[in-house]
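Notes for the one structure printed next.
For the numbers below, each heavy atom of this structure counts, side chains included, while hydrogens, waters and symmetry mates do not. Per chain, numbering begins at 1; letters A, B, ... match sequence-line order.
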Amino acid sequence: MPVHNEEIARTFDEIADLLSLRDENPFRIRAYLRAAQTIRGQQRELADRVKAGEDLDALPGIGADLAGKIAEIVTTGRCQALEKLRKQVPAGLAELLRIPGLGPKRVRALSSGLKVRSRRDLERAIASGTLAKVSGFGPRMREKLAQELKLTPQQPARWLRSVAAQFAEPLAAYLRAVTGVDEVVIAGSYRRGRDTVGDIDILVSAEDAPAVAAALRRYDEIASWSAEGTKRITVVLRSGLQVDVRITEASAFGAALHYFTGSKAHNIHVRRLAQERKLKINEYGVFRGERRIAGDTEESVFGSVDLPLIPAEMREDQGEIELARDGKLPVLVTRADLRGDLHAHTDASDGQESLKSMALAARAAGLAYLAITDHSQHLGVVHGLDENRLRRQMDAIDRLNGELKGITLLKGIEVDILESGDLALPDAVLAELDIVVAAIHGHFDLSERRQTSRVLKALEHRAVSILAHPGARLIGARRPIALDFERILKAAEARPCFVELNSQPERLDLDDAQSRLARECGALVSVASDAHSGAQFGYLAGGIVQARRGWLTARDIVNTRPLGELRRLLRATIR
DNA sequence: GCCGTTTTCGGCCCGACTGTTTTCAGTCG
């Protein structure tokens, strides 16, 4: 069983936790955390790179020592440094670090003073009153901890970006309407386009901060206030979503927006560049000594360290700063680049609208072509098409194409990949279609070896044009299937066929790292809505955000091509 | 533990807010 990057990252996270509990050098701790982030952002498995003899210490934040530990972890499955630390720190303390308000210092005080080493110990210490004896735990802190102990078990849930948007966008709109407010931007991981967000950061540009706070107080969706300063206010909405509102003056808006957008690792890197230039960057601007030299726009902040504006979706300190420095930033795809959509359903299978209704909705969404790809018969739950019904739909598409202006329908199918890797419809009927989208809808839990060979076998079918939602994940509900993505993407590039980036908000599959890997492997990507109703063409915008996080340009995406070129590319997949 | 167009040693982003404390440490983002 190969060790995955996530496991290496977790090992380093745990080492960082344990080091912090031992009050070790904070920079050493940060080095482990930074390395964990770097590892999570790697699209290729480090285990493979170690096996290939690659130099991992070229990765940012990874030097000879950590490269050695990575090699140890992937070859032995163990990490001696971690095992040693585990013996030195009482078990359970790391768990206490997860409780908001408790950091390494307080956890150490709890452990050494009261032998509190678990959540249960802490509950007892609060109930019995012994906690009051420990310095640093006054009445407010004890009350806060009692509350957190009740809440934190179900806390770590992240929100789908699209769900968070339903609460965040109305609040942003409300704040925009407040008198004296110049500008409101939802920043943070939301602006960077993460598929899920932990909380929402809203940046407000206004001269009169107290007036904004007063207006926020009148917003009727707020359940509680957890922090209130003159510049930053934290509230929890009735939905349970936490929102940080940060108020800034217009002259510092760019610096504040850059700071509040993050990511933290990206900000630290940019600030380090500033230091090298004898500058200081904070959320109020860029300073040389006392003098403020930039900060009204994000461009001016980047410009102060000789960088062009880096798109928010790239700001993860995964190499984007180096690319920007070298003038090699990709021109990321935009929604306006999309000319068509290659995956959609009608009421012939599990969609909600007729063929014609979907065609008109696609046209209204600015698309010039749309592939109709209802499910194949095998997927019983969705009334899939058999050969006869598929042929009737193909006739209906021909008629509609004769009738409609401004939109061309392509004849397609979303055919099941069976457990064996065979397809659920015979090759003969598939060959009559313009486009065949192949997808996994069952047998999710095969081993990586079997799952990979299953998909590779499906891709060998000459009819297959696109591998749909390749990871088959449902965010928060179903883990991605175990696949050797690099092999799949290289096979797709070689055949050639395309890989889908499915835009359904709970799928967003390919994910960001896989999208980058697809680009690196040269596999063309189809950003597809998988729409089951006309309104769902709106999901394409979210798919594009994910594609931008994957550094994709319009050239990397097959459905940015005009219909003629698309048809040529599709024909190349069939031969 | 990492890193270098000042450095292979000596730095390492920067500020807001809270609670507990009397001027600041801890936590958080």
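The same atom, P, is picked in dC24(B) and in dT7(B); the two are 36 Å apart, to the nearest Å.
Contacts of Pro26(A) with the nucleic acid, taken as non-hydrogen atoms under 4.0 Å apart, are absent. In this structure, Lys69(A) reaches the sugar-phosphate backbone alone: every heavy-atom distance under 4.0 Å involves primed, P, OP1 or OP2 atoms, never a base.
In this structure, Glu486(A) pairs ionically with Lys490(A), as a charged nitrogen and a carboxylate oxygen lie closer than 4.0 Å. Taking a cutoff of 4.0 Å between a charged side-chain nitrogen and a carboxylate oxygen, Arg315(A) and Glu320(A) do not qualify as a salt bridge. Between Asp512(A) and Arg194(A) there is no salt bridge, since no side-chain N of the basic residue sits under 4.0 Å from a carboxylate O of the acidic one.
Computed from coordinates, the Arg106(A) CZ to dA25(B) C1' distance equals 8 Å when rounded to whole Å. In this structure, CG of Leu21(A) is placed 14 Å from C1' of dT27(B), rounded to the nearest angstrom. We find that NZ of Lys144(A) is positioned 11 Å from P of dT27(B), with the value rounded to whole Å. For the pair Met141(A) CE and dT21(B) P, the computed distance is 11 Å after rounding to whole Å.
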Determine, for nucleotides 9-17 of chain B in 5'-to-3' order, which nucleotides have protein heavy atoms under 4.0 Å from the base (write B), from only the sugar-phosphate (write S), or from neither (write -). ---BBBSSS
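The side-chain hydrogen bond (donor to acceptor under 3.5 Å, both in side chains) test applied to Asn267(A) returns no partner, not counting sequence neighbours.
When side chains are defined from C-beta on, Leu46(A) counts as touching Ile39(A), because their heavy atoms get closer than 4.5 Å.
As the counterpart of dT8(B), no nucleotide is assigned, since no Watson-Crick or G-U wobble pattern has both distances under 3.5 Å.
A perpendicular orientation is assigned to the rings of Phe12(A) and Tyr32(A), their planes being inclined by more than 60° (bins at 30° and 60°).
A glycosidic torsion no more than 90° from 0 defines the syn conformation, and dT7(B) adopts it.
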